[in-house]
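These numbers come from a predicted model, not from an experiment.
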Amino acid sequence: ASRPEVGRAYCSLDRPLMPLVRLFAHKALTKAIPLPKLQARLCEIWGVKPQTTKLLLTRVDDWTSDQFDEDVYVSVRAKATPERTRDVVLEGCRQVQEAFRAEGLVANVRLETYVGDSYFHLPPPASS
């Protein structure tokens, strides 16, 4: 069976949009979390460039419910687009999970979509 393609999403300025990816891991986790390698792989999965993406790693003391025995909890926030059907999003999440597995990490992946008109971003001013 063919896999659905994750595809690209573009904002009104024709810049690629990458989901915001927040990673949570226990402070006691001794496995490496190679952010640059994971960023490159996630850019391949979502069809975007590294300049448009940022992975944020937060180390935590603890979290509730260890039912999944994960090393990393991956929370993705992405713009809702017609192309991001349930099957496409689930396939993208599966590929994200596989990217972590390739680095020796068990990932619990969730993805939440938002409506573009409800998204606001104010980057810092360019340095002079």
hydrophobic_cluster_shared for Tyr73 and Leu111, side chain cutoff 4.5 Å: no
Minimum-distance pair of heavy atoms, taken over all atoms of Arg84 and Ala78: NH1-CB, 3.5 Å
Single-linkage hydrophobic cluster, 4.5 Å side-chain cutoff, Val76 and Leu57 together: yes
Under 3.5 Å: donor-acceptor pair, side chain of Gln97, backbone of Ala107: yes
Student check: side-chain heavy atoms of Phe24 and Arg59 closer than 4.5 Å: no
Between CD on residue Glu91 and CD1 on residue Ile45, distance to nearest 0.5 Å: 9.0 Å
Cluster overlap Val60 with Val72, hydrophobic side-chain contacts below 4.5 Å: no
Heavy-atom pair of closest approach, residues Glu103 and Pro34: OE1-CG, 3.4 Å
Test log, rule salt bridge (Lys or Arg N to Asp or Glu O under 4.0 Å), inputs Arg110 and Glu112: CA-CA 7 Å; Arg110 69 175 289 276; Glu112 174 184 349; 3.0 Å; yes
Between CZ on residue Arg101 and CD on residue Glu98, distance to nearest 0.5 Å: 4.5 Å
Validation row: Thr53, Leu42 side chains within 4.5 angstrom (heavy atoms): no
Flag side-chain contact, heavy atom, 4.5 Å: Leu56 against Leu23: no
Taking every non-hydrogen atom, the tightest pair across Thr85 and Pro82: CG2-O, 3.6 Å
Listed partners of Asp61 passing side-chain hydrogen bond (donor to acceptor under 3.5 Å, both in side chains), at least two apart: Lys27
More than 12 heavy atoms of other groups within 6.0 Å of Lys31 NZ: yes
Nearest heavy-atom neighbours spanning Asp69 and Val106: O-CG1, 3.8 Å
Val96-Leu35 co-clustered via ILVMFWY side chain contacts under 4.5 Å: yes
Test log, rule side chain to side chain contact (heavy atoms under 4.5 Å, CB included), inputs Val74 and Asn108: CA-CA 6 Å; Val74 182; Asn108 182 3; over 6 Å; no
Non-hydrogen side-chain atoms of Leu20 and Arg22 separated by less than 4.5 Å: yes
Trp63 to Asp71 - nearest heavy-atom pair and separation: CH2-O, 4.0 Å
Heavy-atom pair with the smallest gap, counting every atom of Ala99 and Arg41: CB-CG, 3.3 Å
Leu105 with Leu55, same ILVMFWY side-chain cluster at under 4.5 Å: yes
